[in-house]
Every structure is written in C-alpha cells, then in structure tokens.
Student: 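This is the structure I want to talk about, given as structure tokens.
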Amino acid sequence: MVKAPRGTQDIFGNSSAIWQRIEATAIKLFNEAGFQEIRTPIFESSELFSRAVGESSDIVNKEMYTFNDRSERSLTLRPEGTAGVVRAFIENSFDREGLPAKLWYRGPMFRYERPQTGRYRQFHQIGIEAIGAKAPYIDLEIIKLGVNFIQDLGLTNLTLHINSLGNSSSRENYIAALKVFLKESLEHVCEDCQRRYEQNPLRCLDCKVPEDQKIYQNAPTIIKYLDEESQKIWQETQNGLTELGIKYQIDEKLVRGLDYYTHVVFELKTKSEKLAGQNTVLAGGRYDNLVKNLGGGDYASVGWALGIERIATLIEETHQISKLYIISDSPIEALKLADKLRLETKKIAIELAYEETKFKKQLEKAIKRDYQWALFYLSEERNSGLFKLKNLRENKEYDKLDYSQVLELL
RNA sequence: GCAGGUGUCGCCAAGUGGUUAAGGCUCCGGUUUGUGGUACCGGCACUCGUGGGUUCAAGUCCCAUCAUCUGCCCCA
C-alpha cells in the first residue's frame, strides 16, 4: 500500500476543526491590525534560501528539499516563510506603496529532519512580517499580536522569552569576545560545541550538556556588548513591553537558528508536556539586514512565525457547529428541504439520508453521530405541511410545527 | 545524521515454532413496515509493516528495509 511520505500527515476530523479555528483566529487578528495577506510560491530558487537563511545554518546545510527541474534549475521547497515574502517585497516594489509593508502568510514549509512529536517534514506556519520599519514600536506591535493570538485561542501556560542580538557591529564584537572566552575551554566541552565554535559560536550558549553549561555560566553576555544604539533600542523594547502589560522573561541564551536576526529575538514557549522537547510554538525577531542582503533597499524589518501543528497539539477540542438530520422516506424531497433550510438558517449543518433506509435506522444514525436535531419529513408531514422536530440531546419533541416555527427553533 | 524502543483487522489486543490467526470496541446488514444509544442474529485479517533467509513447519527465530515513538543535533 502506498503511504503518505515520512514526516507528512493527513489532517481531518477534529484536527481539521482545530486548524480552522487557529487560522480564523489569526486572520481576524491580522485584519484588525491592518496586515495584508501574501501568497508566495511553495518552491523558490535554492539560492534565495542559502542567501537569506545563511550558509552556516542547519536548515541550509542539511535540511533543504532541493531538486533540479527539467531545465536544470536548482529549486528548493521553502523551509521557512520570510525569505519568500522578502523576495516578493523586493520584486514587486512594495516600498512604493508606503512603508512599512505589513504582510502575513500561511502555508506548508518543508525541512528534511527526523520526524518526532511536534516535528514534521511538511509542517505549516502562519507568519507576519513588517518590512521597512525601524522603530521598536513595530516590534512591540508584532510581539503583542503574537501574545494576543495565543490569548484569543485560550491558551495559557506560555511564556514569552526575549533577548537582543544587537546590530551587526555589536554582534560582531560580542562574537569575537565570546570566541576568546570559548577558546580557553575548548578542550573541555562536547564535540558539538567544538563544531559550533567554528560554525556558529552563539549556539554554544544553549548547549544541553550540564558540564558545558557550568563553563558557560561565566561567559560574557551579549547585553554588555550592545553599543549605544542597540542598548537604547533594547531598553525601549523592554519599557514598551511593560507599558503594554506583557509579561516576559529575558533569556540571554536565546540566539535562534537562522542567521538573519538582529536586535530583538523572541519565542513563546509552552510548559506543556504534550510537545515533548519541541516547546517553542511561536518565534521571531528583527532582521534589519535581510532585505538589503537580498538586493533590496536598506529596510529594517521584524516578524514571527508560528507552527500550526504545535499550536493544534495544545488545543484539546473545539466546538463543532450543531447539526440537523432530516429523516425522510423520500431522498429527493429531503434534498429539496435541505437546500431550502441551508439558505434560511445560520450556523447549522443540514444533512439527510441519501438512501431509502428505514425510519429507525435513520433516527439511530442521527443519534449515533451526535446530531442535535432530527427533523421528521415523511409522507405524513409532507401531506399536512406540518413538521415534527426533535431535540435529540434534550429529548424534547415539537409536533405540528409550520415551517416558520421550525426556523425559529433552530 | 547518531543512539534506543515498537510494528497482528479502523481502534485496543491475545498469541513465546506445529493443524482452519482468540477476544473486545467501532462499522455494516437483519430481527416484517413512524421514535433512542439496549438485547439478539449475521458480516468484517487466505493473513500478522514489507522483502529475503533458517526450518519438515514461522505471527512466533535471523537479516535487511520501511514506518512510528523517545533522546541528541536542530527547529515552528
């Protein structure tokens, strides 16, 4: 039997209802804040990602779904959303429409990784980007939208972690200082850290090995290396969060896996056990150099992305709309009635039996499938023009109703 | 990419080398025609993830492969 490829899954039933709720919640929030949807291609030139995400990142090194098409172009299934959005921003000259460009997107992303709880090879993100906005107030708006999103879904038990990576020169100075520190104890740390030292020294800081962590306790922190400008932005961001009543936790070891981040970076993490080790459900930050690096103007930007699968795992259940089942001995008459009812009722699903099965079977089906209502529409009702309606959950029956009374009850 | 666990019907699950692969739930049909999830009857794995091998004999042993789970790496 042919199965879905490793790391992919079918979404249906209750999960699908939860996904719809997640997407509807996000879309409402984005519309209210004046963000516009953008749909970019699912595959792009491979070069876009190696330039945007960074040659040293794990994503580019070992996780991309890259292939050559029939004309030998190297293409890649997008591993994240920001690169494509920025490419579209530049290509379509969005800067002429006025800045910042406030955009949101959703859709599948692809990374060739070992599948696990909360980790898939095809996974889905919803993200927002504000391109061409330097003021820290846009960071605050973006972060607030993430926090509101979580709240609107009724999720608790999430913590906002933030850190600053500073501007390019602060970051360079810090990395230089960090490398000096790391070099002293390079022989005593794990192999991964020795590799990180070469490739991405920042990542050493969130190493999981306890012995290594002991050593890193004395490492210089990035905050001390922020230059005046970066320091000022960092202060304003924190003040703003407090003003907005957003609780946060400074995490000096939060460095993120993509190379394009600058200044503020943040993650919303859950304490729930349901996601095993994958406890980050929403993450983002500022990327002031990315647009320029991809050939656009010098536009500072900020954004985040959330993982739909991870959020969905945290949501237990969702309310389905109530349903009505038409019990009839004539499918065509039931179909005509269903059509009419669908036009004239709101927020109720109208269903019927398509085959001429027995009365009792139809009623049992309605009960088993958890329909709230059964509407009797057999020859007797059709002749009299009066309906019988039953609330199956409350076991209440309403007899001899005319059509308008049926509508009132639903 | 590395280390370990698991794979018998849609779901749960017995089976530990020997004739026709328990059982439960769900599902489908019926118990002569318009009212409740009950009860009763019947149906639903030529096959044990897949492919090889060992054996007179394999769901049961061996190898490979695939899938899945857990930890690491990393990430949403």
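Fair warning: this is a prediction, and the values are worked out from it, not measured in the lab. In what follows, chains are A, B, ... by sequence order, proteins preceding strands, each numbered from 1.
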Student: B:U68, OP1 or OP2 - any side-chain N/O from A:R6 closer than 4.0 Å?
Tutor: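 True: A:R6 side-chain N/O within range (under 4.0 Å) of B:U68 OP1/OP2.
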Student: Check the distance between B:C73's P and A:L205's CG and give it to me in whole angstrom.
Tutor: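 Nearest whole value for this atom pair: 14 Å.
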Student: Under the side-chain contact (heavy atoms from CB on, under 4.5 Å) test, which residues partner A:K336, sequence neighbours left out?
Tutor: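 With sequence neighbours excluded, A:K336 shows a side-chain contact (heavy atoms from CB on, under 4.5 Å) to A:I332, A:E333, given in chain and number order.
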Student: Would you say A:K365 has more than 12 foreign heavy atoms packed within less than 6.0 Å of its NZ?
Tutor: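 No.
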Student: Would you mind classifying the nucleic acid contact of A:G284 as base, sugar-phosphate or nothing, using non-hydrogen atoms under 4.0 angstrom?
Tutor: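 No contact.
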Student: Answer with yes or no whether the side chains of A:E113 and A:Y120 bring together a donor and an acceptor at under 3.5 Å.
Tutor: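 The criterion, which ignores hydrogens and geometry beyond distance, is not satisfied for A:E113 and A:Y120.
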Student: Over how many whole Å does the gap from A:Q194 atom CD to B:C73 atom C1' extend?
Tutor: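 It is 15 Å, rounded to the nearest whole Å.
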Student: Assess the side chains of A:Q122 and A:T8: does a donor N or O sit below 3.5 Å from an acceptor N or O?
Tutor: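 Side chains of A:Q122 and A:T8: no pair found under 3.5 Å.
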Student: Can you tell me how far P of B:C74 sits from CD of A:E267, to the nearest Å?
Tutor: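 The distance from CD of A:E267 to P of B:C74 comes to 13 Å, rounded to the nearest Å.
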Student: Could you tell me how far apart A:I311 (CD1) and B:A76 (P) are, to the nearest whole angstrom?
Tutor: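 One finds 13 Å between P of B:A76 and CD1 of A:I311, rounded.
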Student: Provide, to the nearest angstrom, the distance between the CG atom belonging to A:D10 and the P atom belonging to B:U68.
Tutor: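 It is 12 Å, rounded to the nearest whole Å.
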Student: Is any side-chain nitrogen or oxygen of A:Q116 closer than 4.0 Å to OP1 or OP2 of B:G71?
Tutor: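 For B:G71, OP1/OP2 do have a side-chain N/O of A:Q116 under 4.0 Å.
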Student: Tell me every residue that passes side-chain contact (heavy atoms from CB on, under 4.5 Å) with A:K134, counting only those two or more places apart in sequence or in another chain.
Tutor: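 Applying side-chain contact (heavy atoms from CB on, under 4.5 Å) to A:K134 gives A:E229, A:A300.
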Student: Check residues 172-181 of chain A and write down every donor-acceptor pair under 3.5 Å in which the side-chain atom is one partner and the other belongs to a residue at least two apart or another chain.
Tutor:
residue: A:N173; atom: ND2; partner: A:S169; partner atom: O; Å: 3.4
residue: A:Y174; atom: OH; partner: A:P220; partner atom: O; Å: 2.9

Student: In residues 100-112 of chain A, which residues come under 4.0 Å of RNA chain B by heavy atom?
Tutor: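 By residue number: A:R111.
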Student: Could you pull out all residues at least two apart from A:E243 that satisfy side chain to side chain donor-acceptor pair (under 3.5 Å)?
Tutor: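 A:E243: no side chain to side chain donor-acceptor pair (under 3.5 Å) contacts found.
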Student: With a 4.0 Å heavy-atom cut-off, tell me which residues in residues 303-310 of chain A come close to RNA chain B, sorted by residue number.
Tutor: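 Of all residues in residues 303-310 of chain A, the ones placing a heavy atom under 4.0 Å from RNA chain B are A:G307, A:R310.
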Student: Taking only N/O atoms, report every protein-nucleotides 34-38 of chain B pair under 3.5 Å with atom names and distance.
Tutor:
residue: B:G34; atom: O6; partner: A:E380; partner atom: N; Å: 3.2
residue: B:G34; atom: O6; partner: A:E380; partner atom: OE1; Å: 3.4
residue: B:G34; atom: N1; partner: A:E381; partner atom: OE1; Å: 3.3
residue: B:G34; atom: N1; partner: A:E381; partner atom: OE2; Å: 3.3
residue: B:G34; atom: N2; partner: A:E381; partner atom: OE2; Å: 3.0
residue: B:U35; atom: O2; partner: A:K390; partner atom: NZ; Å: 2.7
residue: B:U35; atom: O2; partner: A:E397; partner atom: OE1; Å: 3.4
residue: B:U35; atom: N3; partner: A:E397; partner atom: OE1; Å: 3.2
residue: B:U35; atom: O4; partner: A:K388; partner atom: NZ; Å: 2.4
residue: B:G36; atom: N7; partner: A:K390; partner atom: NZ; Å: 2.9
residue: B:G36; atom: O6; partner: A:K390; partner atom: NZ; Å: 3.2
residue: B:G36; atom: O6; partner: A:N395; partner atom: OD1; Å: 2.8
residue: B:G36; atom: N1; partner: A:L392; partner atom: O; Å: 3.0
residue: B:G36; atom: N2; partner: A:L392; partner atom: O; Å: 3.1
residue: B:G37; atom: N2; partner: A:I367; partner atom: O; Å: 3.1

Student: Counting only Watson-Crick pairs (N1-N3 plus N6-O4 or O6-N4) and G-U wobbles (N1-O2, O6-N3), all under 3.5 Å, who is the partner of B:U31?
Tutor: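 When the pairing criteria are applied, B:A39 turns out to be the nucleotide that pairs with B:U31.
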Student: Give the rounded distance in Å between these two atoms: CD of A:Q278 and C1' of B:U70.
Tutor: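 Nearest whole value for this atom pair: 11 Å.
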Student: Take A:N167 and A:T262, measure what side chain to side chain contact (heavy atoms under 4.5 Å, CB included) needs, and give me the verdict at the end.
Tutor: CA-CA 6 Å; A:N167 58 17; A:T262 54; 5.9 Å; no
Student: Is the shortest distance from a Lys or Arg side-chain nitrogen in A:D329 or A:R382 to a carboxylate oxygen in the other one below 4.0 Å?
Tutor: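 The answer is yes: the pair qualifies as a salt bridge.
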Student: Return the residues of residues 400-410 of chain A meeting this criterion: a heavy atom under 4.0 Å from some atom of RNA chain B. Order them by number, or give none.
Tutor: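 Here the set is empty: none.
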Student: Taking only residues two or more places apart in sequence or in another chain, which ones pass side-chain contact (heavy atoms from CB on, under 4.5 Å) with A:E252?
Tutor: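 Counting only residues at least two positions away or on another chain, A:E252 forms a side-chain contact (heavy atoms from CB on, under 4.5 Å) with A:N163, A:T221, A:I223, A:I250.
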Student: Base of B:C28 relative to its sugar, syn (within 90° of 0) or anti?
Tutor: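 Anti, since the glycosidic angle lies more than 90° from 0.
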Student: Provide the Watson-Crick or G-U wobble partner of B:A22, both distances under 3.5 Å; none if there is no partner.
Tutor: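 Matched B:A22 with nothing under the 3.5 Å cut-off.
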Student: Searching all strands shown, indicate the nucleotide that pairs with B:U70 (Watson-Crick or G-U wobble; both distances under 3.5 Å).
Tutor: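 The answer is B:A3, by the H-bond criterion.
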Student: For nucleotides B:U16 and B:G7, find the distance between their P atoms and express it as a whole number of Å.
Tutor: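 Taking atom P in both B:U16 and B:G7, they lie 15 Å apart.
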Student: When the distance from CG of A:L254 to P of B:C74 is rounded to whole Å, what number comes out?
Tutor: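 One finds 14 Å between P of B:C74 and CG of A:L254, rounded.
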Student: Work out how far the P atom of B:A64 is from that of B:C69, and round it to whole angstrom.
Tutor: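 These two P atoms come out 22 Å apart once rounded.
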Student: Could you list, one pair per line, each protein nitrogen or oxygen that sits under 3.5 Å from a nitrogen or oxygen of nucleotides 6-8 of chain B, together with the distance?
Tutor:
none

Student: Which residue, A:L282 or A:K361, contacts RNA chain B at a nucleotide closer to its 5' end, judged by nearest heavy atom?
Tutor: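 The residue mapped nearer the 5' terminus is A:K361.
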Student: Could you tell me the Watson-Crick or G-U partner of B:A64, where both distances fall under 3.5 Å? Say none if there is no partner.
Tutor: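 Base-paired to B:U50.
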Student: Rounding to an integer number of angstrom, what distance separates B:U70 and B:G37 when you compare their P atoms?
Tutor: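 Here B:U70 and B:G37 have their P atoms 41 Å from each other.
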Student: Knowing that exactly one of A:Y377, A:F376, A:Y398 qualifies, which makes a ring pair (Phe, Tyr, Trp, His ring centres under 6.0 Å) with A:F387?
Tutor: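 For A:F387, the ring pair (Phe, Tyr, Trp, His ring centres under 6.0 Å) check succeeds only for A:Y377.
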Student: Could you check A:S168 against A:N289 for side chain to side chain donor-acceptor pair (under 3.5 Å), going step by step and ending with a plain yes or no?
Tutor: CA-CA 9 Å; A:S168 307; A:N289 305 316; 2.9 Å; yes
Student: Quiz question: going by heavy-atom distance under 3.5 Å, is there a donor-acceptor pair between the base of B:C74 and the side chain of A:R119?
Tutor: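 For A:R119, whose side chain was compared with the base of B:C74, there is a donor-acceptor pair (under 3.5 Å).
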Student: Please determine, for the side chain of A:E113, which listed nucleotide (B:A76, B:G29, B:A67) has the closest atom?
Tutor: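 Selected nucleotide (nearest to the side chain): B:A76.
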Student: What do the steps show when you test A:R286 against A:D288 for salt bridge (charged side-chain N to carboxylate O under 4.0 Å, His left out), and what is the final call?
Tutor: CA-CA 6 Å; A:R286 181 161 270 286; A:D288 284 351; 2.8 Å; yes
Student: Say you pick atom C1' in B:C27 and the same atom in B:C66; how far apart are they, in whole Å?
Tutor: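 Between the two C1' atoms, the distance is 29 Å.
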Student: Figure out the CZ/C1' separation between A:R114 and B:C2, and round it to whole Å.
Tutor: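 Those two atoms, CZ and C1', are 9 Å apart.
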Student: What is the nucleic acid contact for A:G127, judged by heavy atoms within less than 4.0 Å: base, sugar-phosphate only, or nothing?
Tutor: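 Contact class for A:G127: none.
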Student: A:K271 and side-chain hydrogen bond (donor to acceptor under 3.5 Å, both in side chains): which partner among A:N279, A:T159, A:N157?
Tutor: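 Among A:N279, A:T159, A:N157, the one that satisfies the side-chain hydrogen bond (donor to acceptor under 3.5 Å, both in side chains) with A:K271 is A:T159.
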Student: A:R121: which residues meet the side-chain contact (heavy atoms from CB on, under 4.5 Å) condition with it, sequence neighbours left out?
Tutor: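 If we apply the side-chain contact (heavy atoms from CB on, under 4.5 Å) test to A:R121, skipping adjacent residues, the hits are A:R6, A:Y65, A:Y112, A:P115.
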Student: If you measure from the Lys or Arg side-chain nitrogens to the Asp or Glu carboxylate oxygens, is any gap between A:K388 and A:E381 under 4.0 Å?
Tutor: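 No, no charged N to carboxylate O under 4.0 Å.
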Student: A:E32 and A:K28: salt bridge (charged side-chain N to carboxylate O under 4.0 Å, His left out), yes or no, with the steps?
Tutor: CA-CA 6 Å; A:E32 287 169 356; A:K28 179 170 179 284; 3.0 Å; yes
Student: Tell me every residue that passes side chain to side chain donor-acceptor pair (under 3.5 Å) with A:S15, counting only those two or more places apart in sequence or in another chain.
Tutor: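 With neighbours one apart ignored, the set is empty.
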